[in-house]
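Take a look at the structure below.
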Amino acid sequence: MASKWSKSLIPTARQVPAEAEVPSHQLMLRAGIIRKLGAGLYDYLPLGLRSLHKAMAIVREEMGKAGAIEVLLPAMVPIELYQKTGRDQAYGDNLFRVKDRHGRENALGPTHEEIITELVGAYVESYKQLPLTLYQIQTKFRDEFRPRFGVLRSREFQMKDAYSFHTAVEGPGGLNEIYDAQYAAYERIFKRCGLPFLTVEAESGPIGGSASHEFMVPSPTGEDTIFESDKGNYAANVEKCETGPRSATLDAPPVGELAKVHTPGCPGIDDVAKFMKTKPKNMLKSLVFEVSQITQEQMGQLRLKASQTGRATSEGFFAEYVIVIVRGDHDVNEGKLNTLIKSKFGNNVSINLAEPNEAKEDGFAIGYVGPQTAISHPGVFVFVDPDAAQGGFWVTGANEPDHHVKYFNWKRDVIDPLGPDASQKVVVVDIRNAVEGDPSPKGDGGLLRPRKGIEIGHVFKLGDKYSKAMGVTVLLPDNSRINPIMGCYGIGINRILAAAIERDSPGMRGHDENGIIWPAAIAPYQVVITTIRHEGTAAETADRLAKELEAGGADVLIDDRDERPGVKFKDADLLGIPVRITIGDKALATGQVEVKARNAPAAAKAELIAIDVAAKTVLEMLKGL
RNA sequence: CGGGGUGUAGCGCAGCUUGGUUAGCGCGCUUGACUGGGGGUCAAGAGGUCGAGAGUUCAAAUCUCUCCACCCCGACCA
């Protein structure tokens, strides 16, 4: 049955609620799709739920085609499961915790690797049962620092999360095969949802794992920064984005005498630059990181506190602190740093910005640290970005509070004093976030260009991180046991809706000055029938057309309200239903109705079509929307 | 968590500086009339713990204190 507007709950608003900043948020509120209940908490009204369900249906179909099987796990899970993998710590305050009446602690799941692994551990005993891909569509909870942009970053949201289990990475049934199948399914899903998207290499973050890709809808309102090579053969999230070779020299001759400058109350780059009348790009920024070793059992909890500045461990030489030096106008990339640290010190270490007071006790003048620290702290490693490993007029910290130096020179002030240790202690390496114009890592002369994107999907190759931590094994043909290899694959369903409204690519605009322009596949209705006066023949014709359209598979909303035509037209545009059929006396007199696509230019006239063929014509039209 | 800001009718806002009738305006809502192809006109209405609590005062939306919620920027993150 077609829906009647007057019988539904579609509270449209003329004015934009003050809290909404981005177009999708504003329009979802104005069109009566969502309503805010609290920070990052939204009611989905009838229109919103319809779209959500449509996106879910597409996801389910494509998951099925990719061989994934649907399950439903509890949203509330015992905290012990997350403790087993250390993610109760890794997720930190983002994890919602609830105590039950017996005082038992539970988490509201932010993502379900542990829970699915537990399930598979219980029932999957043999390699014969693998590969296995399970998925669910479920409400996830994350206690975001700062929920914002409406449903783009909310504290409760619908996620499709799939998990695959394998005995091997390569070969038939291996992780790579399923990863590729999920990747392909994602491309089909987003294409069907009418989203212009690109896939980028990504950092895996607290989920962990070896490889990962994100699916991004380009949009100026996106929170992620993507870099693309202008040769079109490389794209990555800034968190992951590598750069091609950049030249570096620590041998450049000094351009002036090292001079200490009193810079009272200027710990920040910008303050110092202003104070010394120079630019951040002429400064060296030194960040102090603390390296800690972590045992497999107590991941994320045990921190080794060394008494000296450096010491020997089973891993070999072990630094307690690492200094990272980048140009003042650049940012340290913690993902790159993490990878670097792990390759140097082993997988059991983690790295964090040093706690200022602790570091001060250990002799670091936080806020005024410079590369010369490497000399006074024998155990400290120094990683230098190539752009910082140059000659020039460098301003940097003097390693004492309220003082900086100018004319710092690598060779004279660090390399030579260190002597033979220098090459081991001072390492030049790509350690910063990419910036516009950096060389592409493909090394083909391409240059990196930035843009913003909304992350709608993310796929990961997890390896055995979770199966190992959870103690899950399967038997192989030779009767040996392994921890299954895993992949995981997430889609933010709510974000599909917001991204559809935000989208702005040629021929794929998600909104204009009049309202939303839904892609037909996830529009709450495909057709809205607007009667100029809802009575008599017009009302009957509306019902008749609705019936024919529904027989053809389209969802129809009949605007049966006793409103003036102007109001109905404005609301129809605001809602963004792909096709509007207008029924008025003039056309009706000649047996016709008017048909207009929402994405047609506002000035374009509606097409007059005979009632008998109207449904057929509209159904045909919808295929292209 | 740091910085900034806002809480007055469903939505958007004024009033607060300088305390003083019954707290206003626009949109929306109700009723009636006229109207009827891009957010109509007129008339009559309904709707408020002024975020909460405490204090000062003869008197508090307005001044003071405490708390709460929300928004923006940042640090951190799907």
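No experiment lies behind these values; they were computed from the predicted model shown. Just so we're on the same page: letters track the sequence lines, and every chain starts at 1. What you see below is based on every heavy atom in this structure, not just the backbone, and it leaves out hydrogens, waters and symmetry mates.
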Between [Y] and [X], is the closest basic N to carboxylate O distance under 4.0 Å?
X: A:Lys285; Y: A:Asp331; value: yes
X: A:Arg148; Y: A:Glu223; value: yes
X: A:Asp573; Y: A:Arg580; value: yes
X: A:Glu201; Y: A:Lys240; value: no
X: A:Arg432; Y: A:Asp385; value: yes
X: A:Glu114; Y: A:Arg87; value: yes

Per [X] side chain, nearest of listed nucleotides [options]:
X: A:Ala39; options: B:C76, B:A78, B:C70; result: B:C70
X: A:Glu594; options: B:A78, B:G37, B:C76; result: B:G37
X: A:Glu334; options: B:C71, B:C76, B:C29; result: B:C76
X: A:Arg148; options: B:C72, B:A78, B:G37; result: B:C72
X: A:Ile532; options: B:A78, B:G37, B:C70; result: B:G37

Rounded distance in Å - [atom1] ([X]) to [atom2] ([N]):
X: A:Phe460; N: B:C77; atom1: CZ; atom2: P; answer: 13 Å
X: A:Arg87; N: B:A78; atom1: CZ; atom2: P; answer: 10 Å
X: A:Gln592; N: B:G37; atom1: CD; atom2: C1'; answer: 16 Å
X: A:Glu513; N: B:G38; atom1: CD; atom2: C1'; answer: 13 Å
X: A:Leu45; N: B:C11; atom1: CG; atom2: P; answer: 13 Å
X: A:Arg561; N: B:G38; atom1: CZ; atom2: C1'; answer: 13 Å
X: A:Asn237; N: B:A78; atom1: CG; atom2: P; answer: 10 Å
X: A:Arg30; N: B:G10; atom1: CZ; atom2: P; answer: 20 Å

Atom [atom1], compared across [N] and [M]: separation rounded to whole Å:
N: B:A9; M: B:U62; atom1: P; value: 15 Å
N: B:U49; M: B:A23; atom1: P; value: 13 Å
N: B:C11; M: B:U21; atom1: P; value: 27 Å
N: B:U18; M: B:U64; atom1: P; value: 10 Å
N: B:C16; M: B:U8; atom1: C1'; value: 11 Å
N: B:C71; M: B:G12; atom1: P; value: 13 Å
N: B:G19; M: B:U30; atom1: C1'; value: 36 Å
N: B:C25; M: B:C76; atom1: C1'; value: 43 Å

Does [X] reach a base, just sugar-phosphate, or nothing at all? Heavy atoms under 4.0 Å.
X: A:Arg155; value: nothing
X: A:Thr531; value: nothing
X: A:Lys140; value: nothing
X: A:Asp224; value: nothing
X: A:Gly584; value: base
X: A:Asp143; value: nothing
X: A:Leu152; value: base

Can you say whether a donor on the side chain of [X] sits under 3.5 Å from an acceptor on the base of [N], or the other way round?
X: A:Asp562; N: B:G36; result: yes
X: A:Asp573; N: B:G38; result: yes
X: A:Arg564; N: B:G36; result: no
X: A:Arg153; N: B:C77; result: yes
X: A:Arg580; N: B:G38; result: yes

Output field: ring centroids [X]/[Y] closer than 6.0 Å:
X: A:Tyr42; Y: A:His25; result: yes
X: A:Phe190; Y: A:Phe215; result: yes
X: A:Tyr321; Y: A:Phe289; result: no

Nucleic acid contacts of residues 13-24 of chain A, taken as heavy-atom distances under 4.0 Å to RNA chain B:
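Of all residues in residues 13-24 of chain A, the ones placing a heavy atom under 4.0 Å from RNA chain B are A:Arg14, A:Gln15, A:Val16, A:Pro17, A:Ala18, A:Glu19, A:Glu21.
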
5′-ward residue of the pair A:Gly566/A:Glu156 relative to RNA chain B:
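So the residue in question is A:Gly566.
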
For A:Pro147 and A:Gly492, find the nucleotide of RNA chain B closest to each by heavy atoms; which residue's nucleotide sits nearer the 5' end?
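Of the two residues, A:Pro147 wins.
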
Is the ring pair A:His458/A:Phe460 parallel, tilted or perpendicular, if the boundaries are 30 and 60 degrees?
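The rings of A:His458 and A:Phe460 lie parallel, inter-plane angle below 30°.
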
Distance in Å, A:Ile325 CD1 paired with A:Leu284 CG, rounded so as to fall on 0.5 Å steps
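Here the interatomic distance stands at 6.5 Å.
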
Identify the two heavy atoms, one from A:Ile116 and one from A:Glu113, that lie closest to each other, and give their separation to 0.1 Å.
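For A:Ile116 and A:Glu113, the tightest heavy-atom pair comes out as CG2-O, 3.3 Å.
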
State, to 0.1 Å, how close A:Leu574 and A:Ala13 come at their nearest heavy-atom pair, and which atoms those are.
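Looking at all heavy atoms of both residues, the closest pair is CD2-O, 4.0 Å.
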
Involving RNA chain B, stems made of at least three consecutive Watson-Crick or G-U pairs, both distances under 3.5 Å:
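Listed by first number, the stems are B:1-7 with B:68-74, B:10-13 with B:24-27, B:29-34 with B:40-45, B:51-55 with B:63-67.
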
